[in-house]
Number of protein chains: 2
Amino acid sequence: MARVTLADVARAAGVDMSTASRVLRGEASQRVREETRVRILKIAEEMQYLANPLARGLRTQRTDTLGIVVPQLDNPVFASAIRGAELEAAERGYSLLISHREPGETATTIAKISRTNRVDGLLVASLDDDEVLRTDLAAARVPFVLMNRILPGAPLSVVLDSRAAARKGVEHLTALGHRRIAHLAGREGGFNARERLQGYRDGLAAAGIAFDEALVGVAGYTAEGGTQAMRALLPQHPTAVLAATLVSAAGAMATLHEAGLRIPEDISVIGLHDAPVARMLYPALTSVAMPTEEMGRVAADLLIRALGGEDPTPVAPLPPGTLVVRGSTGPAPI
Amino acid sequence: MARVTLADVARAAGVDMSTASRVLRGEASQRVREETRVRILKIAEEMQYLANPLARGLRTQRTDTLGIVVPQLDNPVFASAIRGAELEAAERGYSLLISHREPGETATTIAKISRTNRVDGLLVASLDDDEVLRTDLAAARVPFVLMNRILPGAPLSVVLDSRAAARKGVEHLTALGHRRIAHLAGREGGFNARERLQGYRDGLAAAGIAFDEALVGVAGYTAEGGTQAMRALLPQHPTAVLAATLVSAAGAMATLHEAGLRIPEDISVIGLHDAPVARMLYPALTSVAMPTEEMGRVAADLLIRALGGEDPTPVAPLPPGTLVVRGSTGPAPI
DNA sequence: TTGAAAGCGATACCAC
DNA sequence: GTGGTATCGCTTTCAA
């Protein structure tokens with residue numbers, strides 16, 4: 001039970017702590033005799049020595065820990081980003097401190113976590129407005145990288161190419177012959193929402209379809225929002241819908257079912273951000289996969305490089321993944 | 001940027017570090033003059049002093065941090081449990097270190113996290129078999145509390161009353177006149193699966209319905225599993241289905257839709273563990289809410305009390321919450 | 001009521 | 001190549 005300390009190992013190996021430290025730390029230029037090195041390593045192994053990160057951190061002023069703060073845990077996008085960050089961090093010798101905060105608590109969290117030497121840097125996802133986020137981040141005393149959004153003035157952020165994704169979705173629909181395609185947008189004014197709307201227009205333009213504002217509704221990111229927005233759009237008689245998320249797509253499908261429309265015979269539905277829940281809907285939802293795990297990975301990589309003193313190299317938006325065709329999309333009705 | 005240390009505060013206040021420490025720590029019997037106390041507090045506040053948890057932990061051998069290790073982040077049950085643990089921990093002055101591990105990595109995680117003074121105790125959720133989990137936990141060097149399952153020999157665990165929940169679901173169905181009620185069970189041999197099956201039988205018995213093994217299928221915890229199991233059950237012509245989870249319920253609904261059965265006119269579906277995804281299905285799924293957040297809270301409370309030297313008081317299974325009636329259940333067809 | 005000083009378990013600089 | 005030793009920032013006796 002009693003923890004094995006460096007001193008214990010050194011004593012057992014008959015060397016000084018400093019020597020043991022040198023070896024155990026895996027220092028590059030270990031000016032230590034091979035024989036001694038091996039002996040110390042062997043003994044440490046036998047004694048199951050594990051360095052105390054508190055003591056180490058106190059001395060080095062580093063924790064080899066990255067913090068990641070997300071607004072929701074049960075959001076597939078963030079869950080997946082966390083996984084990616086976790087993998088990248090682990091590969092690079094860092095731990096990940098996951099911090100889940102409700103909107104509004106973000107500032108305090110960032111302040112606490114970053115000002116108490118708990119983490120060397122921060123990965124931040126936020127659904128808050130620019131101004132709020134900016135204020136929150138002002139409290140950060142460590143380098144940070146934004147995920148899934150940009151913030152004017154913040155140099156490091158990793159985003160998904162929502163515009164290309166939306167376009168890809170629309171192209172799938174136009175290829176199926178659809179021309180009256182509705183769009184359920186996310187939160188008005190949001191970065192991704194803006195991008196997706198643009199991609200939606202790109203897709204229409206590529207097929208020579210005129211943009212019609214009446215076919216765009218704001219659904220936000222809830223099922224209820226999708227239901228409402230879809231209901232409002234019904235009188236426009238779209239033959240297909242591009243939803244910003246799986247959740248709003250699900251909400252929209254409820255409206256369509258209620259209206260007695262068959263999916264996909266009467267109307268096709270496509271969502272953005274593929275995730276297991278797409279298969280839980282009926283019919284299973286066609287959707288554009290997004291590299292959310294990659295986003296976490298890249299963000300972690302960027303942060304670690306920044307911590308290493310490298311200069312912030314902004315990365316381009318991550319291109320969408322494959323279009324996963326399921327049962328919710330089909331040829332346009334004649 | 002330079003961190004404010006206790007020494008800085010003490011110097012500014014014209015007192016010794018030890019005195020500053022005493023008041024800043026909020027010690028109970030502060031043998032410190034009120035005047036001095038106030039002065040120190042004020043100065044600390046002004047200087048925005050925050051204690052360095054590494055230094056403090058190194059000295060006290062405590063981190064005031066609880067670890068929580070979960071197998072999945074984007075599982076509403078765990079996400080909610082985390083939230084509960086987080087709230088309870090915060091209220092009691094503890095931080096929560098969330099650790100997401102794929103099955104198989106659990107042992108290493110537990111070992112690392114608990115043997116390197118990162119946490120004072122552990123909250124553990126696991127989908128692994130008893131034997132595996134037992135091995136994993138053997139590496140734990142700190143007290144721990146299990147969530148959502150039991151493990152023979154492990155004294156502290158907090159579980160949901162799955163049996164009562166299943167029974168509640170069945171009672172809703174029998175009250176609606178259903179008598180041929182199928183059950184989509186979880187993983188065979190699992191603790192919760194066993195409990196639910198028992199609750200299902202309880203519910204049938206209460207309505208004077210004989211248990212029929214042919215009406216029970218194993219769906220596991222995936223949509224695909226639900227789909228398959230439901231398909232196999234169809235020839236038995238049930239008029240209602242009790243699914244172990246929302247996910248398997250969704251899978252079952254896909255089968256029903258494909259078979260041309262109307263929900264709930266031809267067949268009712270009910271799931272366990274209410275969550276937002278229930279509203280994403282069509283029709284929206286009736287389900288039995290479970291106190292998953294409470295589970296996290298109680299687990300944290302138990303752990304903190306154990307850390308305080310109290311004796312493990314086992315807690316009874318948490319009773320199910322309300323039955324949330326949505327569109328997927330209705331009167332039995334005549 | 002307050003101060004002095006000894007660690008907690010590492011790292012890193014400086015001798016030898 | 002190896003050993004001494006002064007920190008890192010805080011808590012906690014023990015004196016005064």
Side-chain angles (χ1 to χ4, degrees), chain A residues 1-41 43-44 47-65 93 112 115-118 120 141, chain B residues 1-41 43-44 47-65 93 112 115-118 120 141:
Chain A
M1 197 62 195
R3 260 109 188 155
V4 180
T5 72
L6 182 60
D8 297 332
V9 176
R11 198 177 312 119
V15 298
D16 187 87
M17 273 178 59
S18 55
T19 304
S21 174
R22 249 167 257 153
V23 172
L24 262 10
R25 200 155 8 106
E27 197 182 68
S29 70
Q30 308 187 172
R31 300 162 307 166
V32 176
R33 208 189 329 155
E34 183 61 13
E35 187 195 341
T36 325
R37 218 179 64 80
V38 173
R39 177 159 41 97
I40 294 176
L41 250 19
I43 292 194
M47 301 178 76
Q48 301 205 53
Y49 169 74
L50 284 177
N52 182 331
L54 274 62
R56 189 205 294 264
L58 179 58
R59 182 63 237 240
T60 60
Q61 302 289 26
R62 303 175 51 239
T63 56
D64 293 327
T65 298
K112 272 225 190 86
R115 301 194 40 207
T116 56
N117 301 43
R118 275 191 196 283
D120 296 340
R141 292 307 197 259
Chain B
M1 199 60 194
R3 260 107 188 154
V4 180
T5 72
L6 182 60
D8 298 331
V9 175
R11 199 177 311 116
V15 298
D16 187 86
M17 272 178 61
S18 56
T19 305
S21 173
R22 249 166 261 157
V23 339
L24 259 12
R25 195 154 15 100
E27 198 183 67
S29 70
Q30 307 187 166
R31 300 162 307 164
V32 176
R33 210 192 325 159
E34 183 61 14
E35 186 196 343
T36 324
R37 215 179 65 81
V38 174
R39 177 158 42 97
I40 294 176
L41 250 19
I43 292 194
M47 300 179 77
Q48 301 204 51
Y49 170 74
L50 285 177
N52 182 331
L54 274 63
R56 189 206 293 268
L58 179 56
R59 180 63 234 241
T60 60
Q61 302 290 25
R62 303 175 50 240
T63 56
D64 293 326
T65 297
K112 270 221 191 89
R115 301 193 39 205
T116 56
N117 300 46
R118 276 190 197 281
D120 296 339
R141 291 309 197 255

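Per chain, numbering begins at 1; letters A, B, ... match sequence-line order. The structure presented is a predicted model; accordingly, all values stated were derived computationally and were not measured.
For the OP1/OP2 pair of C/dC13 and a distance below 4.0 Å, the side-chain nitrogens and oxygens of A/Ser18 include no atom meeting the criterion. Listed pair B/Arg62 / C/dC8 fails the phosphate criterion, with no side-chain N or O lying under 4.0 Å from OP1 or OP2. The phosphate of C/dC8 (OP1 or OP2) has no side-chain N or O of A/Arg3 nearer than 4.0 angstrom.
As rounded to whole Å, 13 Å separates atom C1' of C/dC8 from atom CG of A/Asp8. For the pair A/Arg31 CZ and D/dG1 C1', the interatomic distance rounds to 8 Å; values are reported in whole Å. One interatomic measurement links the two molecules: CG of A/Leu54 to C1' of D/dC10, which rounds to 11 Å at whole-angstrom precision. Taking atom CZ of residue B/Arg56 and atom P of nucleotide D/dC8, one finds them 19 Å apart after rounding to whole Å. C/dC13 atom P lies 16 Å from atom CG of A/Asp16, rounded to whole Å. Between the P atom of C/dG7 and the CG atom of B/Leu6 lies a distance of 20 Å, rounded to the nearest Å.
Side-chain contact, B/Arg3 with A/Gln61: no donor N or O sits under 3.5 Å from an acceptor N or O. When only modelled atom types and interatomic distance are considered, B/Arg25 and B/Ser21 share a side-chain donor-acceptor pair under 3.5 Å.
The side chain of A/Thr19 lies closest to D/dT2, out of D/dC8, C/dA4, D/dT2. Among D/dT11, C/dG9, C/dG3, the nucleotide with an atom closest to any side-chain atom of B/Arg22 is C/dG3. Closest contact between the side chain of A/Arg33 and the listed nucleotides C/dA4, C/dT2, D/dT2 involves D/dT2. Among the nucleotides D/dT12, D/dG3, D/dC10, the one closest to the side chain of B/Tyr49 is D/dC10. Among the nucleotides D/dC8, C/dC8, D/dT11, the one closest to the side chain of A/Gln61 is D/dC8.
Residue A/Leu50 is classed as a sugar-phosphate contact, given heavy-atom separations below 4.0 Å to backbone atoms only. At the heavy-atom level, B/Thr60 lies under 4.0 Å from the strands shown only through sugar-phosphate atoms.
Remark: the backbone N or O of A/Ala13 is paired with a side-chain donor or acceptor of A/Arg39 at under 3.5 angstrom.
In this structure, B/Asp120 and B/Asp64 approach most closely via the heavy-atom pair OD2-N, 2.8 Å.
Between the base of C/dG9 and the side chain of A/Thr5 there is no donor-acceptor pair shorter than 3.5 Å.
Both A/Leu58 and A/Met17 lie near DNA chain D, and the one whose nearest nucleotide falls closer to the 5' end is A/Met17. Nearest-nucleotide mapping onto DNA chain C: of B/Arg59 and B/Val15, the residue sitting toward the 5' end is B/Val15.
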